[in-house]
Protein chains: 2
Amino acid sequence: MSMQDAGEKKLRPARTNATKQKLFDASMELIGERGAAGVTVDEIAAAAGVSKGTVYYNFGSKSDLIAQLLRHGVDILHARLVSVQDSSADPLAAMDEMIGQAMDFMAEYPSFARLWVSENWRIPSEWQDTFAELRGRLLAVIGGAIEGVAARYPVDESISRGSLETAIFGACFVVGLDRQTYNPERTREQSVAAIMAIMRGYVRK
Amino acid sequence: MSMQDAGEKKLRPARTNATKQKLFDASMELIGERGAAGVTVDEIAAAAGVSKGTVYYNFGSKSDLIAQLLRHGVDILHARLVSVQDSSADPLAAMDEMIGQAMDFMAEYPSFARLWVSENWRIPSEWQDTFAELRGRLLAVIGGAIEGVAARYPVDESISRGSLETAIFGACFVVGLDRQTYNPERTREQSVAAIMAIMRGYVRK
DNA sequence: CTAACCAAACTGACCAGTCAGTTCAAATAG
DNA sequence: CTATTTGAACTGACTGGTCAGTTTGGTTAG
């Protein structure tokens, strides 16, 4: 459940980075379970084994902590998705692999997935801009994979690329979360196969 | 944005029913936008043009109000979904129509959809049992539609029925919400077509 | 030596839930 | 037809508690 580092920042703050990491882990867990508004800064500090003041020393505010949390999680997911992009010859197999990576991510960081779906579609969210940007980054990768399929296979052009991206992207989160929450007996492969049905329906028969 | 009545109760409480309706409408709107924890009972009362005490007269608690809100919304969606079930001869067309109904619902009650995805996968939620029950009711309808397709067409049996239900169900919410929030230019048909790709991928080529 | 951290007290705002009192429409009495 | 009663529906001030964020004075690790 711990989020590894995704990019060192400075030379000096070795201590700070460790503290930030502990705070990321703790708040991801708590916020994923009870929602951003349902968790107090005191709880987060306690769970991270750190004092409340330290939270405000490392992050300007609760809101800022959450924004950085979102960035951090997306960095990890994004890195995993782009890692497949060119590793496979067959674009359909690449898509399969990519969805598999997404499922693994949801299994490893279910709390992040919960946080994402909980806050993503709120209308005047404090993190609206953050979401828009991060969402775009992720959708671009999926879009690239779809592009790859469309370049090598005959596809149903009547289906809008954007809606397709959204459907796959959303299905990954929902299927992954559902597996975690309601159907732990479902395998990774079953889940990937169900989502891949979208792609097979996109490719012309 | 108003949720119509779903069943009269008594003769006398004509006033109460109207009040409940106003409270449903107001809280759906507010909670959908800012989340269950982010909205105060005072705000809900004010938005409904009613005093705070009235909220507690009609509902036992904030939590109870939200539980009833969830039931109310699902009743409406469920009614729309079952209405298609037998209206069409071709099960694939029925599926198409059903997804269309879901998209219409998401467009009419985006706040309900937001509330649903915000709270659905929380781990120890106060509404866990409510969610489990309501989720089951909706999935059963979708499962029936898939059943219908599987009965008339050759399908890919390697895809688990449960995962497929989840993928379609989830895609409806996510695609519907995304259209509302980020891509209002997308048409109902585009959205339905993208989700229907799942079914076309399920049917054997 | 200094950036990072701790512990704990404090502020000011906010909020769920309560309750004593008010309104009013319909039922009943005169 | 008018007067009175009844009680469901509603009101809003109030209470006890919570929480984000601040401050301060001291501690520790690199």
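Convention: sequence-line order gives letters A, B, ...; per-chain numbering from 1. Being a predicted model, the structure only gives us computed values, none of them experimental. Only heavy atoms go into these numbers, but all of them, side chains included; no hydrogens, no water, no symmetry mates.
Applying the side-chain hydrogen bond (donor to acceptor under 3.5 Å, both in side chains) rule to B/Arg71 yields the partners B/Glu133; only residues at least two apart in sequence or on another chain are considered. Listed by chain and residue number, B/Thr19, B/Val50, B/Ser51, B/Asn58 satisfy the side chain to side chain contact (heavy atoms under 4.5 Å, CB included) test with B/Thr54 (two or more places apart in sequence, or in another chain). Remark: A/Tyr56 engages A/Val41, A/Lys52 in a side chain to side chain contact (heavy atoms under 4.5 Å, CB included) (not counting sequence neighbours). In terms of the salt bridge (Lys or Arg N to Asp or Glu O under 4.0 Å) criterion, A/Arg186 has no residue partners (sequence neighbours excluded). By the salt bridge (Lys or Arg N to Asp or Glu O under 4.0 Å) test, B/Asp90 pairs with no residue at all, sequence neighbours left out. Applying the side-chain hydrogen bond (donor to acceptor under 3.5 Å, both in side chains) rule to B/Glu165 yields no partners; only residues at least two apart in sequence or on another chain are considered. By the side-chain hydrogen bond (donor to acceptor under 3.5 Å, both in side chains) test, A/Trp121 pairs with B/Asp178, sequence neighbours left out. Every side chain to side chain contact (heavy atoms under 4.5 Å, CB included) that B/Leu30 has, sequence neighbours left out, goes to B/Arg34, B/Val39, B/Glu43, B/Ile44, B/Ala47. B/Ala94 is linked by a side chain to side chain contact (heavy atoms under 4.5 Å, CB included) to B/Ser88, counting only residues two or more places apart in sequence or in another chain.
Residue B/Asn58 has a polar side-chain atom (N or O) positioned under 4.0 Å from OP1 or OP2 of D/dC10. Put simply, B/Thr19 has a side-chain N or O that comes within less than 4.0 Å of OP1 or OP2 on D/dC10. Residue B/Ser51 has a polar side-chain atom (N or O) positioned under 4.0 Å from OP1 or OP2 of D/dT11. A sub-4.0 Å separation between OP1 or OP2 of C/dA4 and a side-chain N or O of A/Tyr57 is present.
At its two ends the helix from C/dC1-D/dG30 to C/dG30-D/dC1 runs along axes set 20° apart, each axis drawn from five pairs and the angle rounded to 10°.
Although no hydrogens or angles enter the test, the distance criterion places no donor-acceptor pair under 3.5 Å between the side chain of A/Lys20 and the main chain of A/Phe59. Put simply, the side chain of B/Asn183 never gets that close to the backbone of B/Glu185: no donor and acceptor are under 3.5 Å apart.
Per the geometry, CZ belonging to B/Phe59 stands 15 Å off P belonging to C/dA16, to the nearest Å. Per the geometry, CD1 belonging to B/Ile44 stands 17 Å off C1' belonging to D/dG12, to the nearest Å. Atom pair B/Ile31:CD1 and C/dC15:P shows a separation of 14 Å (rounding to whole Å applied). What separates CG of A/Leu23 from P of C/dA4 is a distance of 14 Å, to the nearest Å.
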Kindly give the atom pairs (protein nitrogen or oxygen, nucleotide nitrogen or oxygen) under 3.5 Å for nucleotides 20-23 of chain D.
{"residue": "D/dA20", "atom": "OP1", "partner": "A/Val39", "partner atom": "O", "Å": "3.3"}
{"residue": "D/dA20", "atom": "OP1", "partner": "A/Lys62", "partner atom": "NZ", "Å": "3.0"}
{"residue": "D/dA20", "atom": "OP2", "partner": "A/Val41", "partner atom": "N", "Å": "3.0"}
{"residue": "D/dA20", "atom": "N7", "partner": "A/Lys52", "partner atom": "NZ", "Å": "3.3"}
{"residue": "D/dG21", "atom": "OP2", "partner": "A/Tyr56", "partner atom": "OH", "Å": "3.0"}
{"residue": "D/dG21", "atom": "OP2", "partner": "A/Lys62", "partner atom": "N", "Å": "3.1"}
{"residue": "D/dG21", "atom": "N7", "partner": "A/Lys52", "partner atom": "NZ", "Å": "2.7"}
{"residue": "D/dG21", "atom": "O6", "partner": "A/Lys52", "partner atom": "NZ", "Å": "2.7"}

What protein N or O atoms touch nucleotides 24-26 of chain D N or O atoms at under 3.5 angstrom, if any, and at what distances?
none

